[in-house]
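This report concerns only the one structure given below.
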Amino acid sequence: MTDPVPQLLEDILGGHRLTVEEGTMLMSVRDRRVWDIASTADQVREKVTGNLVTYVRNQNVNVTNICINTCGFCGFSKKPGDPGTFLFGPEEIREKAALARKRNVTEICTVSGLHPDFDASSYTEIIHTLHKEAPGIHIHASNPMEIAYGARKSGITTGELLVEMKEAGLGSLCGTAAEILVDEIRKVICPGKISTREWEKIIREAHLLGIPTTATIMYGHCESVADRVRHFEILRNIQDDTHGFTEFVPLSFVHMNTRLFREGIARSGATGREDVLMVALARLFLDNIPHIQVSWVKTGVKMAQLGLLAGADDIGGTMFEESISKGAGASNTDYLDPAEMKVLADDLGRELRQRTTLYAFV
Ligand code: SF4
């Protein structure tokens, strides 16, 4: 039988839009054709974003690690009374924002556990406090799970909470809590989380309200290749309608300190081949999302650089004060110096440029 891959790659360069079946076939490739797929994705990247590698100067503010949920992949959350819990009050949030200003960041990213006492006003107050202390710094906050939780606790709609958050200073919403947008998998890895349908509903609401979001996937646990591409299809359909996604960020599963791995439900994360193909297929399948980010926090810096040769154009954030991946067992997640990013970009013959959250140049 003739190998369908070369023709398909040629067709993509000619403007063909991948189907789920074709995407699944490409993402299942296990031999040297992986490099052909990566090379095609790199050509598309060059056409869309040119010769740049971009990054954002950002800092995390995780307000609490206390969470009512028990997602099996999470090594960050703790139950009330556990050792090592924290909950920042307004004073500590202000201190973090002041630190962000001193560090000259352009983005504060804030996502937290679902604290049992939180409601809608907790989320708006966090944003308000950050915004007041650090006006001019873009607040990239919360995700559809937090929106659903806060709205439910306060008896308002998710749309109403989004409006309140926007008024308080929300610049964009995190597209996390997506994990894998296939309910059979969600029931296994995060049974307490919102459904695929609700995630999509809240993301669409945000986009309609003029709140951009990122898009993410968490892969390398117990999902199939077809599940990953089904996830892509949901994102691509949303983007066709709303154009509200700023970027796509594939998050490789960090397994070490997770219940899913301990119980033998998940494997020990994605392989290098899978990491490369994930980035490449993201670039090829998500033809309407301009920016594909590599997550050095999840894959390590060397693998992230390979992603930049396989379709990605963005190396993410400096990540002052990262704690979520660290909780799951990842190392060296605290901060990546732009000087180190420049070494990686220079090594590929590309130019490193600082950007804002919404991809304007700084
Ligand atoms: S992933 Fe989020 S919602 Fe799930 S347990 Fe961790 S902090 Fe809680």
Side-chain angles (χ1 to χ4, degrees), residues 60-88 93 109-120 122-123 126-127 140-154 158 161 165 173-203 213-223 231 249-263 265-266 269 295 297-298 319 321-330 333:
N60 289 331
V61 180
N62 303 124
V63 172
T64 181
N65 61 352
I66 299 172
C67 186
I68 56 149
N69 252 355
T70 47
C71 301
F73 55 81
C74 182
F76 166 75
S77 70
K78 296 197 182 296
K79 294 284 161 236
D82 281 354
T85 57
F86 66 86
L87 170 63
F88 294 160
I93 296 173
C109 180
T110 174
V111 186
S112 300
L114 306 173
H115 192 283
D117 297 339
F118 275 16
D119 60 12
S122 319
Y123 292 105
I126 291 168
I127 292 169
H140 182 59
S142 290
N143 58 41
M145 180 69 241
E146 290 185 26
I147 301 297
Y149 180 66
R152 180 169 57 76
K153 289 287 291 290
S154 293
T158 52
L161 177 51
M165 288 168 75
L173 187 72
C174 303
T176 47
E179 324 308 355
I180 289 281
L181 293 168
V182 174
D183 285 331
E184 302 91 80
I185 303 295
R186 299 178 79 73
K187 278 182 200 142
V188 175
I189 65 172
C190 52
K193 269 210 171 124
I194 50 175
S195 65
T196 298
R197 209 164 140 189
E198 192 159 15
W199 187 92
E200 177 171 352
K201 184 198 84 144
I202 294 167
I203 287 287
T213 75
T214 53
T216 64
I217 187 173
M218 188 190 64
Y219 66 98
H221 38 90
C222 53
E223 84 291 356
H231 180 110
V249 192
L251 303 169
S252 205
F253 173 53
V254 179
H255 68 285
M256 285 80 107
N257 298 337
T258 67
R259 180 178 59 76
L260 279 184
F261 179 65
R262 276 197 303 275
E263 292 179 358
I265 299 166
S295 173
V297 170
K298 303 289 184 189
M319 288 281 187
E321 310 201 11
E322 197 288 326
S323 56
I324 292 179
S325 300
K326 198 191 295 168
T333 66

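Both counts, for ligands and for their atoms, begin at 1 and track the order of listing.
Atom 4 (Fe) of ligand 1 lies at 2.8 Å or more from every N, O or S atom belonging to Cys74.
In this structure the side chain of Asn69 never reaches within 4.5 angstrom of the side chain of Tyr149, judged on heavy atoms. Side-chain contact between Val182 and Thr196: absent, with no pair of heavy atoms (C-beta onward) separated by less than 4.5 Å.
When only non-hydrogen protein atoms are considered, atom 1 (S) of ligand 1 lies nearest to Lys193 NZ, 3.5 Å. The protein atom (non-hydrogen) at minimum distance from atom 8 (Fe) of ligand 1 is Cys67 SG, 2.3 Å. Among protein heavy atoms, atom 4 (Fe) of ligand 1 sits closest to Cys71 SG, 2.3 Å.
When atom types are taken as modelled, the side chain of Asn65 and the backbone of Gly84 share a donor-acceptor pair closer than 3.5 angstrom. No donor-acceptor pair under 3.5 Å is formed between the side chain of Lys193 and the backbone N or O of Ala177.
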